[in-house]
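Comments concern the structure below.
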Amino acid sequence: MAAHPVSLFELLRSQPIVHLRAEMPGDVSAREALLDAAMGPGRVRKSSEALRRGRLPADGLALVAETEDGTLTGSVRLWNVAAGERGGAAVSALLLGPLAVLPGFEGFGIGSSLMRRTIAEATFRGHDAIVLVGDAPYYERFGFSADVAAGLTMPGPFERHRLLGLEIEPGALRGAEGMIAATGREITSEVIAAAA
């Protein structure tokens, strides 16, 4: 028996309406649950997590995707780092991650929308480069490549071919070598009190 053709109306109706917005302090528990569901408990042992631990995301660069009923379906955050050095000076960049979509909401373009929006926001805020550890076939469509991050390393174990970079400003990572290090604001009791 042949399947009946799906109308455009049925197709559009099956896709959730999702809005992107800045992450807010009240999103913490939903975001952590989303990350656990999407990435599993091993996510906290990754090299990238060591750079994020105890730090705040870069200003204005923590975004979420949310359905009309308030379900958090996606999250992305960027963090201030030094992407090695060039000529003895630290190379300012952002570390992207994690990017996650709630299981059951994959395939609707939520991750791609978050990526495009966060790159645009980083550009608007004057950042020159973004680095990440991820799957090249996915991130190459946004302009990331292993070539521009070839001189960089991560703290702890990582897979070399998964360390990718995006030069928002052409040449921003050219000649950068060495360890990626956290430079963002640390979480302090004053920061926690201000967010409450």
Side-chain angles (χ1 to χ4, degrees), residues 20-25 27 31 35 43-64 74-100 111-136 138-188 190-192 194-195:
L20 305 185
R21 63 169 174 80
E23 182 183 296
M24 297 184 293
D27 295 326
R31 184 197 67 236
L35 294 176
R43 69 182 176 90
V44 297
R45 293 189 298 270
K46 295 184 176 187
S47 294
S48 296
E49 183 63 28
L51 294 170
R52 297 187 287 260
R53 192 170 296 117
R55 305 268 175 182
L56 294 171
D59 287 338
L61 294 172
L63 304 172
V64 296
S75 173
V76 67
R77 301 168 110 198
L78 284 88
W79 311 80
N80 296 104
V81 295
E85 295 184 346
R86 179 176 45 234
V91 177
S92 179
L94 296 166
L95 173 70
L96 187 141
L99 168 68
S112 294
S113 294
L114 283 166
M115 281 299 299
R116 288 186 186 93
R117 173 78 175 272
T118 200
I119 292 168
E121 190 65 32
T123 302
F124 175 76
R125 292 175 176 271
H127 295 281
D128 293 335
I130 303 172
V131 294
L132 61 83
V133 178
D135 296 324
Y138 180 81
Y139 290 103
E140 285 171 347
R141 72 178 108 168
F142 306 107
F144 286 85
S145 80
D147 293 344
V148 298
L152 301 174
T153 60
M154 292 287 290
F158 72 101
E159 296 174 82
R160 160 69 45 207
H161 68 280
R162 292 173 49 84
L163 181 56
L164 311 174
L166 168 68
E167 294 178 319
I168 296 171
E169 181 64 33
L173 295 174
R174 187 176 302 127
E177 295 181 327
M179 186 74 66
I180 296 172
T183 61
R185 292 177 298 146
E186 292 185 30
I187 297 174
T188 62
E190 292 82 19
V191 169
I192 294 168

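The closest donor-acceptor contact from the side chain of R55 to the backbone of G184 lies under 3.5 Å.
With rounding to the nearest 0.5 Å, the separation of CZ in R185 from OG1 in T183 is 11.5 Å. A distance of 13.5 Å separates CZ in R162 from CZ in F144, rounded to the nearest 0.5 Å. If you take CG on L163 and OG1 on T153, they are separated by 8.0 Å, rounding to the nearest 0.5 Å. Rounded to the nearest 0.5 Å, atoms CG (L35) and CD (E49) are 9.0 Å apart. Distance check: I119 CD1 to H127 NE2 gives 13.0 Å after rounding to the nearest 0.5 Å. For the atom pair CZ (R117) and CD (E121), the distance works out to 6.5 Å, reported to the nearest 0.5 Å.
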Determine whether D27 and R21 satisfy the following criterion, side-chain contact (heavy atoms from CB on, under 4.5 Å), listing intermediate values before the conclusion. CA-CA 11 Å; D27 295 326; R21 63 169 174 80; 2.8 Å; yes
Let me see the working for L51 and M154 under side-chain contact (heavy atoms from CB on, under 4.5 Å), right down to the final yes or no. CA-CA 9 Å; L51 294 170; M154 292 287 290; 3.7 Å; yes
After noting the C-alpha distance and the side-chain angles of R141 and M115, does the key distance pass the side-chain contact (heavy atoms from CB on, under 4.5 Å) rule? CA-CA 10 Å; R141 72 178 108 168; M115 281 299 299; over 6 Å; no
Criterion side-chain contact (heavy atoms from CB on, under 4.5 Å) on F158 and S48, from CA distance to verdict: CA-CA 9 Å; F158 72 101; S48 296; over 6 Å; no
Show me the donor-acceptor pairs, under 3.5 Å and distance only, between side chains in residues 166-182 and residues at least two apart or in other chains.
from	atom 1	to	atom 2	distance (Å)
E167	OE1	G171	N	3.4
E167	OE2	A172	N	3.4
E167	OE2	L173	N	2.9
E167	OE2	R174	N	3.3

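Counting all heavy atoms, side chain and backbone alike, L94 lies closest to A58 at CD2-CB, 3.8 Å. In terms of heavy-atom proximity, E23 sits nearest to S75 at OE1-OG, 4.4 Å.
Under the side chain to side chain contact (heavy atoms under 4.5 Å, CB included) test applied with L78, the options L63, I130, L95, L99 reduce to a single match, I130.
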